[in-house]
*Asks:* 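If you scroll down you'll find the structure; I have some questions about it.
Being a predicted model, the structure only gives us computed values, none of them experimental. What's counted below: heavy atoms across the whole structure, side chains too, no hydrogens, waters or symmetry copies.
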Amino acid sequence: MRSVLLPALLALALATPATFQPSWAQTKTSHALSLLGAPKYPAGFTQLDYVNVNAPKGGEAKLHAVGGFDSLNPFIPKGDEAPGLGLIYETLMASPMDDDTSEYGLIAETVEVPDDLSFVIFNLRAEAKWADGKPITAEDVAWSFEQIQKHGEPMMQLYYANVQKAEVLNPRKVKFSFSGPKNRELPQIMGQLPVVQKALWEKRGFDKPTLEAWAGSGPYKIASFEANRFIAYERRADWWARDLPLNKGRYNFDRIRYDLYRDTTVTLEAFKSGQYDFRSENIARNWHTAYDFPAANQGLVQKAELPHQRPAGLSGFVFNIRKAKFTDARVRRAISLAFDYEWTNKTFFYGGYTRSSSYFQNSDFAARGEPTAGELKLLEPLRASLPKEVFGPAFAAPVSDGSGQDRKNLREAATLLKAAGWEVKNGKLTDARGEAFQIEFLLGDPSYERLVGPLAQNLQRLGITLTMRTVDSAQYVSRLRAFDFDMIFGGWGQSNSPGNEQRSFFSSQAADNPASRNWIGLKSPAVDTLIDAVIYAPERDSLITATRALDRALTWGYYLVPGWHLPADRVAYWDKFGRPEKNPKNGVDFMAWWIDPAKAAKLAGAKPQ
């Protein structure tokens with residue numbers, strides 16, 4: 001289950017929670033909803049465990065984003081939205097970074113859910129207000145849902161598929177009714193609903209991109225911007241929720257500014273020269289070699305590798321099986337064998353990564369060993385539609401000898417390609433019609449070219465021509481939304497409770513839905529059935545069973561060349577910040593950092609102007 005709107009740095013957490021409802025005998029009113037019965041924080045809690053409630057307020061945090069923007073409307077697929085817009089808007093409930101199995105009331109003070117999970121009622125806080133001082137009403141909530149459902153990102157249609165209607169019960173009470181079988185996630189899915197001010201948005205049109213600096217109910221407002229260049233936010237002194245337990249010790253910066261850059265190489269150089277303050281480093285080579293510059297050597301720039309415990313999901317080189325050349329699993333497996341991960345890890349990653357073999361890597365939901373009796377109960381009725389390997393040991397990514405061109409793996413790949421009907425003629429792999437096997441690998445970041453290049457060389461040995469096409473961010477997003485690619489580097493982050501979002505990732509319905517995340521183009525009734533088993537699992541044990549069964553069906557389909565993961569966040573920052581002593585288990589919460597006045601003053605005197 002995934003949040004619709006998050007500030008860019010909070011997205012370091014990769015995923016937000018889904019929900020298990022406790023077994024209530026009747027409708028119960030609570031301050032929170034939890035996956036595991038009781039939330040970490042009880043009613044009446046005063047603060048989050050990891051924050052510094054005495055953190056000073058003030059100063060400016062300068063951040064960055066790659067690409068451009070031409071819209072300040074983050075809720076629709078039209079236009080390219082500015083970074084950080086989640087700072088303006090709030091949701092009914094929210095999840096702290098140290099308890100991703102729960103949601104706590106934010107705009108909603110309490111939530112009511114019956115034992116049969118047929119509806120959820122949110123009771124709004126009397127003090128919840130818009131930036132203009134007007135109260136947030138149940139009518140605002142219902143209207144926000146209707147507009148996002150109708151005009152929002154296409155995946156939201158799948159996300160809200162079983163939400164039957166929204167009802168305003170009174171000015172501070174809104175009810176969402178559900179259809180279909182019990183769905184443990186839907187109450188929390190609705191808790192993630194971002195709320196906008198009906199009176200403001202209704203006049204201007206929810207379904208249109210805009211560069212009007214609209215206000216919301218969140219901790220910041222837009223101070224200034226220039227499309228495609230920068231956007232700056234200013235902390236609201238009159239923010240209604242500043243003293244809520246979820247927010248104490250957070251949102252400490254008076255100003256947050258994002259500068260936009262066209263490519264990652266330029267962004268790194270801009271950081272080195274002090275143009276922005278904080279960066280998350282996801283390129284191993286940079287982490288090991290690029291921070292040897294004067295400011296870093298003088299201690300003006302700090303590096304930190306902060307461990308986390310969140311699921312890794314799965315990323316890698318994704319096949320678009322809408323293309324005829326990729327419809328045969330033997331072809332996809334052959335290309336996977338041509339990728340020498342061991343050589344790549346040694347050469348480019350300094351041996352720092354671990355190979356991934358599961359769509360739910362680094363979690364209890366990853367398939368392991370032989371299928372259990374519970375898994376087989378789900379899989380056996382689907383046997384005719386699934387690879388036979390699903391019923392044996394869990395998938396493991398291919399292993400090479402680390403030479404860069406493992407002859408054994410390449411021979412096996414050639415055998416698979418021949419069995420799939422491809423023949424080498426004049427050095428080119430061709431099909432029965434004599435058409436050569438060619439792949440265009442679409443990239444939005446030139447830094448990935450060095451990873452794809454060695455794969456291209458090995459494929460050339462098999463007679464396959466792979467060319468890389470690197471485009472700007474706007475064109476990349478446009479082609480991604482239209483599924484106009486052969487292969488991409490992509491992936492799917494997962495939460496600690498997989499659920500409804502799997503429909504957008506892998507369902508047949510999503511395969512033809514523009515802008516869904518079913519980049520594979522997967523249309524499998526068997527996978528659809530297993531996704532439903534995940535969504536409608538009544539408790540955690542059955543969810544683990546269903547998700548492991550789904551994992552087997554996906555991994556043995558060879559829908560991507562599996563990538564790698566790292567159980568830590570690597571961050572670099574100019575030494576002007578204070579940060580909590582304890583890093584929350586789901587990763588960096590930058591909004592709990594603050595400007596340390598003494599450090600900032602020292603840096604100002606030493607930093608090159």
Side-chain angles (χ1 to χ4, degrees), residues 1-17 61-67 69 71-77 79-97 100 103-104 106-108 128 130-131 136 140-141 144-145 147-148 152-153 155-156 159 188-197 200-201 206 209-223 225 230-236 239-242 244 246-247 250-260 278 280 493 495 501 584 586-593:
M1 179 168 162
R2 297 186 59 82
S3 174
V4 177
L5 233 168
L6 286 173
L9 288 179
L10 300 189
L12 287 169
L14 288 187
T16 56
K62 293 184 292 184
L63 309 177
H64 81 287
V66 176
F69 72 91
S71 176
L72 302 179
N73 182 348
F75 305 108
I76 61 173
D80 294 319
E81 67 182 77
L85 290 172
L87 295 166
I88 298 175
Y89 303 100
E90 293 174 308
T91 51
L92 290 166
M93 305 183 79
S95 300
M97 297 285 281
D100 65 340
E103 282 186 2
Y104 299 81
L106 183 55
I107 291 175
W130 299 110
I136 301 174
D140 290 321
V141 176
S144 298
F145 166 71
Q147 296 301 307
I148 291 173
E153 291 286 349
M155 70 168 287
M156 301 313 296
Y159 216 42
Q188 265 186 276
I189 284 177
M190 301 318 301
Q192 294 179 351
L193 179 73
V195 182
V196 300
Q197 190 172 8
L200 182 67
W201 285 70
F206 186 90
T210 182
L211 284 174
E212 291 186 75
W214 298 357
S217 65
Y220 289 84
K221 62 182 179 181
I222 295 174
F225 70 91
F230 79 92
I231 184 166
Y233 299 90
E234 183 178 278
R235 187 165 58 85
R236 291 177 49 211
W239 180 36
W240 72 273
R242 63 184 178 275
L244 290 183
L246 280 174
N247 297 325
R250 303 181 71 238
Y251 306 109
N252 301 309
F253 309 117
D254 278 351
R255 295 172 302 281
I256 298 175
R257 175 183 168 117
Y258 289 87
D259 285 300
L260 280 295
F278 175 101
S280 176
S495 74
E501 74 287 344
N586 280 317
V588 175
D589 182 355
F590 186 69
M591 294 305 152
W593 291 32

*Asks:* Rounded to the nearest 0.5 Å, what's the gap from CG on Leu211 to OG on Ser71? Could you check?
*Replies:*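 Answer for the CG-OG pair, Leu211 versus Ser71, is 6.5 Å.
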*Asks:* Going by the rule side chain to side chain donor-acceptor pair (under 3.5 Å), which residues pair with Arg255 if we only count those two or more places apart in sequence or in a different chain?
*Replies:*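 Expected list: none.
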*Asks:* Using the side chain to side chain contact (heavy atoms under 4.5 Å, CB included) criterion, which residues pair with Ile76? Sequence neighbours excluded.
*Replies:*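 Applying side chain to side chain contact (heavy atoms under 4.5 Å, CB included) to Ile76 gives Asn73, Lys78, His151, Phe206, Pro209.
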*Asks:* Listed by chain and number, what are the side chain to side chain donor-acceptor pair (under 3.5 Å) partners of Ser217, not counting sequence neighbours?
*Replies:*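 With sequence neighbours excluded, Ser217 shows a side chain to side chain donor-acceptor pair (under 3.5 Å) to Glu90, given in chain and number order.
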*Asks:* Using only atom types and a distance under 3.5 Å, with no angle test, would you say the side chain of Arg242 pairs donor to acceptor with the backbone of Pro219?
*Replies:*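 Pair absent, no side-chain N/O of Arg242 close to backbone of Pro219.
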*Asks:* To the nearest 0.5 Å, tell me how far Asn252 CG sits from Met591 CE.
*Replies:*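 Spacing of CG (Asn252) from CE (Met591) equals 10.0 Å.
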*Asks:* Listed by chain and number, what are the side chain to side chain contact (heavy atoms under 4.5 Å, CB included) partners of Ala213, not counting sequence neighbours?
*Replies:*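 Expected list: Leu72, Ile222, Phe225.
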*Asks:* Hey, could you give me the NZ/CZ distance between Lys62 and Phe278, rounded to the nearest 0.5 Å?
*Replies:*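 Between Lys62 NZ and Phe278 CZ, I get 15.0 Å after rounding to 0.5 Å.
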*Asks:* CE of Met190 to CE of Met93: how many Å apart, nearest 0.5 Å?
*Replies:*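 The CE atom of Met93 is 12.5 Å from CE of Met190, to the nearest 0.5 Å.
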*Asks:* Taking the side chain as every heavy atom from C-beta outward, state whether Pro96 and Asp589 have any pair of such atoms under 4.5 Å apart.
*Replies:*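 The answer is no, as the side chains (C-beta and beyond) never meet within the 4.5 Å cut-off.
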*Asks:* Do you know which two heavy atoms are closest between Ala94 and Leu246, and how far apart they sit?
*Replies:*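 Scanning both residues, the minimum pair turns out to be CB-CD1, 4.1 Å.
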*Asks:* Please identify each residue that fulfils side chain to side chain donor-acceptor pair (under 3.5 Å) with Gln147, with sequence neighbours left out.
*Replies:*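 Residues passing side chain to side chain donor-acceptor pair (under 3.5 Å) with Gln147: none at all.
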*Asks:* Ser95 versus Asp100: any side-chain heavy-atom pair under 4.5 Å?
*Replies:*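 Ser95 does not reach Asp100 side chain to side chain.
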*Asks:* Can you name the side chain to side chain donor-acceptor pair (under 3.5 Å) partners of Asp140, sequence neighbours left out?
*Replies:*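 Side chain to side chain donor-acceptor pair (under 3.5 Å) check on Asp140 returns Trp130, Thr137.
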*Asks:* Taking the side chain as everything from C-beta on, heavy atoms only, tell me whether Ser280 gets closer than 4.5 Å to Phe590.
*Replies:*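 Result no, sub-4.5 Å side-chain heavy-atom pair not found.
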*Asks:* Which value, rounded to the nearest 0.5 Å, describes the distance between Leu193 atom CG and Ile148 atom CD1?
*Replies:*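 Those atoms lie 5.0 Å apart.
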*Asks:* Work out which heavy atom in Pro74 is nearest to a heavy atom in Leu85; give both atom names and the distance.
*Replies:*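 Closest approach of Pro74 to Leu85, heavy atoms only: CB-CD1, 3.8 Å.
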*Asks:* Looking only at heavy atoms, which two atoms of Gly218 and Arg236 are closest? And how far apart?
*Replies:*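 Shortest heavy-atom separation between Gly218 and Arg236 comes out as O-NH1, 2.8 Å.
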*Asks:* Considering non-hydrogen atoms only, spot the tightest contact between Tyr89 and Ala215 and give its length.
*Replies:*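 For Tyr89 versus Ala215, the nearest heavy atoms are CE2-O, 4.3 Å.
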*Asks:* Evaluate the side-chain proximity of Tyr258 to Phe69: yes if any heavy-atom separation is below 4.5 Å, no if none is.
*Replies:*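 When only atoms from C-beta onward are counted, Tyr258 and Phe69 do not touch, as no gap falls below 4.5 Å.
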*Asks:* Considering residues at least two apart in sequence or located in another chain, which fulfil the side chain to side chain contact (heavy atoms under 4.5 Å, CB included) criterion with Asn247?
*Replies:*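 Side chain to side chain contact (heavy atoms under 4.5 Å, CB included) check on Asn247 returns Leu106, Trp239, Ala241, Leu244, Arg250, Tyr251.
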*Asks:* What residues form a salt bridge (Lys or Arg N to Asp or Glu O under 4.0 Å) with Asp254, not counting sequence neighbours?
*Replies:*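 So Asp254 forms a salt bridge (Lys or Arg N to Asp or Glu O under 4.0 Å) with Arg235.
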*Asks:* Please name all residues satisfying ring pair (Phe, Tyr, Trp, His ring centres under 6.0 Å) with Phe145, sequence neighbours left out, ordered by chain then number.
*Replies:*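 With sequence neighbours excluded, Phe145 shows a ring pair (Phe, Tyr, Trp, His ring centres under 6.0 Å) to Tyr160, Phe176, given in chain and number order.
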*Asks:* Under the rule for ring pair (Phe, Tyr, Trp, His ring centres under 6.0 Å), what residues qualify as partners of Tyr233, not counting sequence neighbours?
*Replies:*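 Expected list: none.
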*Asks:* With sequence neighbours excluded, tell me which residues meet salt bridge (Lys or Arg N to Asp or Glu O under 4.0 Å) with Glu153.
*Replies:*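 Here no residue qualifies.
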*Asks:* About how many Å separate CD1 of Ile231 and CG of Leu63, when rounded to the nearest 0.5 Å?
*Replies:*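 Result: 12.0 Å between the selected atoms.
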